[in-house]
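Here is the structure we will look at, set down as structure tokens.
Numbered from 1 within each chain, the chains take letters A, B, ... in sequence-line order.
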Amino acid sequence: MPEGHTIHRLASRHRNLFGGTTVRVSSPQGRFAAGAAVLDGLRFVGAVAHGKHLLHRYEGDRTVHIHLGLYGKVTDGDGAPPEPFGEIRLRMSNDAHWLDLRGPTACELLDPPGVDTLMARLGPDPLKRGADAVAAYAKIARSTRPIVSLLMDQSIVAGIGLIFATEALYRAGVNPTTPGRDFPAQEWLPLWTDLRALMAAAVIAGRIDTVREEHTPEAMGREPRVDRHGGEVYVYRRTGQPCLVCGTDVRQDALSGRNLYWCPTCQK
DNA sequence: CAGATATGACAAC
DNA sequence: TTGTCCTATCTGG
């Protein structure tokens with residue numbers, strides 16, 4: 001379930017589990033064996049997130065760059081690590097904790113210039129203090145691409161995925177296919193602020209909830225939503241179900257390989 | 001048990 | 001725009 005909030009949660013968890021300790025590092029699957037051999041026995045300095053990218057920092061300016069992609073998952077636990085099963089790209093452990101990484105798009109060792117190159121291609125992360133919202137809008141304002149694609153473009157804003165983009169646009173009453181250059185400048189800061197609030201709440205909750213107080217299951221007298229994602233949302237994966245506000249059937253379409261969900265009434 | 005599916009990103013047309 | 005990659009889990013038969 002990797003949008004930016006997940007990565008920020010992982011970064012702080014990994015700081016807590018391993019920060020300042022010497023760690024064993026391996027790659028049971030073998031695909032990160034060379035990197036693991038370099039890191040094994042080094043001190044884990046800390047972990048930071050930027051957007052959907054997770055950086056594990058080790059002594060000696062070694063950095064592991066992790067990107068979960070669509071399927072990547074991290075699990076951890078206390079005590080000695082369990083017998084490996086499945087495809088474990090990266091395993092870490094210290095005296096008290098262990099961690100397994102499976103299915104990431106990226107798990108690579110970077111030197112400082114490599115980290116700089118990575119950061120240079122990422123836009124501002126709404127979850128970080130000082131993130132430059134105005135710079136992000138400058139790119140949006142001169143693009144003809146749909147606003148939903150621009151929000152998910154990591155070089156424009158880092159950390160937003162399909163759920164946050166879909167739901168924030170619903171809350172803003174903006175049709176997801178609106179070309180960037182037609183998105184009004186005065187609506188950008190409210191949208192950015194809303195995104196930041198949704199993402200920050202998701203970091204704390206560990207799930208994405210976007211439904212306002214007045215439309216919650218309790219307020220509406222309806223059953224709580226239950227699905228794989230687990231959060232209360234307005235339109236994401238609610239195809240064919242009635243819009244929580246106006247009752248119109250939620251629509252779904254494909255847009256450049258991703259799913260698009262919107263209410264045709266609330267999002268003119 | 002095969003097939004579909006998933007909150008992502010990139011290369012190649 | 002399409003194809004490819006990464007892996008686990010859910011679905012239907």
Worksheet entry | cation_pi(A:Arg62, A:Phe44) dist<6.0 Å, angle<=45 |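 Not satisfied by the 6.0 Å and 45° rule.
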Remaining members of the apolar cluster that contains [X], side-chain heavy atoms under 4.5 Å:
X	value
A:Ile88	none
A:Leu110	A:Val48, A:Leu55, A:Val115, A:Leu118, A:Met119, A:Leu122
A:Ile204	none

Rounding to an integer number of angstrom, what distance separates [N] and [M] when you compare their [atom1] atoms?
N	M	atom1	value
C:dT1	B:dT7	C1'	22 Å
B:dC1	C:dC6	P	25 Å
B:dC13	C:dC5	P	14 Å

Write down the distance between [atom1] ([X]) and [atom2] ([N]), rounded to a whole number of angstrom.
X	N	atom1	atom2	answer
A:His5	B:dT7	NE2	P	13 Å
A:Tyr236	B:dT5	OH	P	13 Å
A:Arg238	B:dT7	CZ	C1'	18 Å
A:Leu54	B:dT7	CG	C1'	16 Å
A:Leu162	B:dA6	CG	P	10 Å
A:Arg237	B:dT7	CZ	C1'	9 Å
A:Leu70	C:dG3	CG	P	18 Å
A:Lys73	B:dA6	NZ	C1'	8 Å

Side-chain N,O ([X]) to OP1/OP2 ([N]) below 4.0 Å:
X	N	value
A:Arg207	B:dT7	no
A:Arg102	C:dC6	no
A:Arg31	C:dC6	yes
A:Tyr71	C:dC5	no

Worksheet item: Got a sec, which residues hit side-chain contact (heavy atoms from CB on, under 4.5 Å) with A:Asp182, two or more places apart in sequence or on another chain?
Response: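 A:Asp182 satisfies side-chain contact (heavy atoms from CB on, under 4.5 Å) with A:Thr178, A:Pro179 once adjacent residues are dropped.
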Discussion item. The criterion is side-chain contact (heavy atoms from CB on, under 4.5 Å); which residues satisfy it with A:Ser12, sequence neighbours excluded?
Written reply: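 Counting only residues at least two positions away or on another chain, A:Ser12 forms a side-chain contact (heavy atoms from CB on, under 4.5 Å) with A:Arg15.
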Worksheet item: Do you reckon A:Val64 sits in the same ILVMFWY cluster as A:Val38, going by side-chain contacts under 4.5 Å, direct or chained?
Response: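 The answer is yes; both residues are in one hydrophobic cluster.
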Expected rows: protein N/O vs nucleotides 9-11 of chain B N/O, under 3.5 Å:
| unit_1 | atom_1 | unit_2 | atom_2 | d |
| --- | --- | --- | --- | --- |
| B:dA9 | OP1 | A:His67 | NE2 | 3.1 |
| B:dA9 | OP2 | A:Lys52 | NZ | 3.2 |
| B:dC10 | OP1 | A:Arg121 | NH1 | 3.1 |

